[in-house]
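The chains referred to below are lettered A, B, ... by the order of the sequence lines, with proteins before strands, and numbering in each begins at 1.
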Number of protein chains: 2
Amino acid sequence: MTFSTAIAASTPESVATAAIRRLSALTPLAQPDLAMLARAADDARTYPVRHSFLTLGRPVAEPLLVLQGWAARVRVLPDGRRQFMSFYLPGEVIGATHHAMPIASATVVALTECVVCPAPAAAPGSALAQAYAIGAALDEAYLLGHVVQLGRLNAQERIGDFLLEIYERLSLAGLTVGGSFEMPLTQEMLADALGLTPVHVNRMIQQARRDGELMWKSGRVLLRDPERTARTIGRFSPQVTAVPIVPDSDA
Amino acid sequence: MTFSTAIAASTPESVATAAIRRLSALTPLAQPDLAMLARAADDARTYPVRHSFLTLGRPVAEPLLVLQGWAARVRVLPDGRRQFMSFYLPGEVIGATHHAMPIASATVVALTECVVCPAPAAAPGSALAQAYAIGAALDEAYLLGHVVQLGRLNAQERIGDFLLEIYERLSLAGLTVGGSFEMPLTQEMLADALGLTPVHVNRMIQQARRDGELMWKSGRVLLRDPERTARTIGRFSPQVTAVPIVPDSDA
DNA sequence: CGCTACTTTGATAGTGCTCAACCGGTGTGG
DNA sequence: CCACACCGGTTGAGCACTATCAAAGTAGCG
C-alpha cells in the first residue's frame, strides 16, 4: 500500500480501471464484457512482493488478470544467475494458456505488490475474447522483441528499448502522464531483465541522463524524445491497430 | 537435394517420416490422424534456401508442417544486425496461430532447402490436436529458454545449450544417430542465433573441440557427453512427458 | 581451374564485468 | 532524537570476454 495509493486514492477509479482501460484499448468492449470484468474485480486479491503466482513445473491454475502492480516470468540458474523473461503489467493476463498445457513453463513472481483477479472467461466470439487474443499475440511479440534486444542491442540500446516498450504498454492502460510513467523496478531488476550487471545499468542510465535522453527520479521515468530514441535504436513496435477491427462479422 | 538425400533415399521412408515420428512422440497418434498426415504430405512442396514462409506485418496464411529442413524466425535491424529468434525443425509447425492474430509477428525464412505441407486441421479433442498443443507449448518453452541463454549464458554455454536443445528436438523426430545429428547451420547463422560474432563462435567451437566436448565435421555434430554438458550449464529441458500418457504401449 | 562460400587465424580495441567501497534515504529501536 | 541497519544507487580501478578488422586457408562446384 505504498505507491499504489497514489492511483487507488483518486475517487471514481476502481481498482480495475487501468486493466479495463487496456483491454478496451485492444478492442472496444461492450457492456456485458465490462460488467463481467467489474464483477471479476470484486474478487480482487492483493499479493505482496515476491509472491509466486505460478511455479515452474507446477500445474497452472486459472488465468489471472493483473489489475495493479508488476509481475514477471523469471528463471534462476543453479549458480544464482537470474533472468526475467517477460513482464505482466496492469491489464495483462498471467497464465493465459491458449494451448492446453497444464504445466507452467516458467515461474511468475510479483515484482511489486500486486492486485489481481481471476480473468473472466470470455464468450466465444465476444469482444473480450478478441481482446484476450490480441493480448496473447502482443505477449509473444514482446517476447520476440526481448530476444532481439538481448541478442543484438548494446547496453544503452537495451535500456532505451526497454523503457520505450514499457512506455507503450503502460500507455495502453492509461498509466502514463505526458511521457512519464511509474517504473517500480530497481536497477538490479532491470539488469536481470536486460542481461546486464546492476553496476553497468547504473552507468548507462547516468549517461542517458547526461545525454538528455531521459529523467529518472524516485521511481518515475520521463522519456525526453521517445520518437527520436526509437528511431536511433530501430525499435519495432508491435501495432495493436494492425488488427482490422471489422465490427460486423469476424471470427 | 543435397544432404537431405541421405534421409530421403532410404527406401520405406516417406518424406513425412521424421515429422510424423515427432508428432507421434508428443502424443501417440491413432490411425485417422496418421492418415490425415499422410494425405497432407501428398501436398508437400519444396522451397529453396532463403524462401520466406511468413513476412513480418503480412497476413498469416495456413499453418505449415515442416517435413524436412530447417526454418527460423528472424528479425533484421535497420543497420543490418540480424537475430534468429526461434527455429522450426521437422515435425514443427510454422504459423500455428493459437491466438487469432492474422498478422505475422515475425518473418520466417528457410535456412536450408525445406519440404513443407499444410498442417492438417486436427479434430477437436483428437490426439493430433493434443500433439499440436504440446508442440505450441514447447515452442514457447524454447523461446523462453532462448531468452535465458542470451541474457545469462556466456558464449561457450550458449553454444552448448543450443546444441543440446537441437539434439533433444531432433531426437523427437528420430533424426539423431548415437548422439550425433545433422547441423546445417553455418557458423554465421549460429552467431545470429546466439547473439555473438561469427569469429567468436568459431573460436568457442574450437575450444569445445579441444576440451573434448564435441566433434563437428562437415555439417554433423557429435556431443561427447550430453549429460555432463547439460549439468555444467544448468540446462533446463522442457519435459514432453510432463503430459500424462498411458505408459504400457508407446511408440 | 577458378569461383564462391565457409572456416580459421592473428592482432587490437572496446564493451561490459568484478570487486570493493561509499553515499543517501528510510525505518527501527534505544 | 539519535544510532544503527538496510536497501538501493553511485563511483573507481582493473580485468575478462567478445567485437572488429584483415587476411589466409579450405572445400565444394561449374
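Proximity note for A:His200 (side chain, C-beta onward) versus C:dT18, C:dT8, C:dC17: the nearest is C:dC17. Distances were taken from every side-chain heavy atom of B:Thr197 (C-beta onward) to each of D:dT11, D:dA19, C:dT8; the shortest belongs to D:dA19.
Distance A:Leu194 CG to C:dT15 P: 18 Å, rounded to the nearest Å. Distance, B:Glu157 CD to D:dC17 C1': 12 Å, rounded to whole Å. Put simply, CG on A:Asn202 is 19 Å from P on C:dA20, counting in whole angstrom units. Atom C1' of nucleotide D:dT10 and atom CH2 of A:Trp216 are separated by 14 Å, given to the nearest angstrom. Remark: P of D:dA27 and CZ of B:Arg220 are 19 Å apart, rounded to the nearest angstrom. Rounded to whole Å, the distance from CD1 on A:Ile205 to C1' on D:dT10 is 11 Å. A:Glu188 places its CD atom 14 Å from the P atom of D:dT10, with the value rounded to the nearest Å. We find that CG of A:Leu111 is positioned 12 Å from P of D:dG8, with the value rounded to whole Å.
B:Arg228 CZ: more than 12 foreign heavy atoms inside a 6.0 Å radius.
Map B:Val199 and B:Met189 each onto its nearest nucleotide of DNA chain C; the residue landing nearer the 5' end is B:Met189. Nearer to the 5' terminus of DNA chain D, by closest-nucleotide assignment, is the contact made by A:Leu185 (compared with the other of A:Leu185 and A:Arg152).
For B:Gln187 and C:dA5, the shortest distance from a side-chain N or O to OP1 or OP2 is not below 4.0 Å. Side-chain nitrogen and oxygen atoms of B:Arg158 include none within less than 4.0 Å of the OP1 or OP2 phosphate oxygen of D:dT18.
By the 30° and 60° cut-offs, the orientation of the rings of A:Phe87 relative to A:Phe162 is perpendicular. Between B:Tyr47 and B:His51, the ring planes lie parallel to each other; the angle is under 30°, not in the 30° to 60° tilted range.
Here the side chains of A:Leu150 and A:Arg158 are in contact, with some heavy-atom distance below 4.5 Å. Under the 4.5 Å side-chain criterion, counting only non-hydrogen atoms from C-beta, A:Glu165 is in contact with A:Arg235.
Donor-acceptor pairing under 3.5 Å, judged by distance alone, is absent between the side chain of A:Arg203 and the base of D:dG9.
The residue B:Gly195 sits close only to the backbone: its heavy atoms come under 4.0 Å of sugar-phosphate atoms, none of a base. Residue contacts shown for B:Arg81 are absent, as no nucleic acid heavy atom lies under 4.0 Å away.
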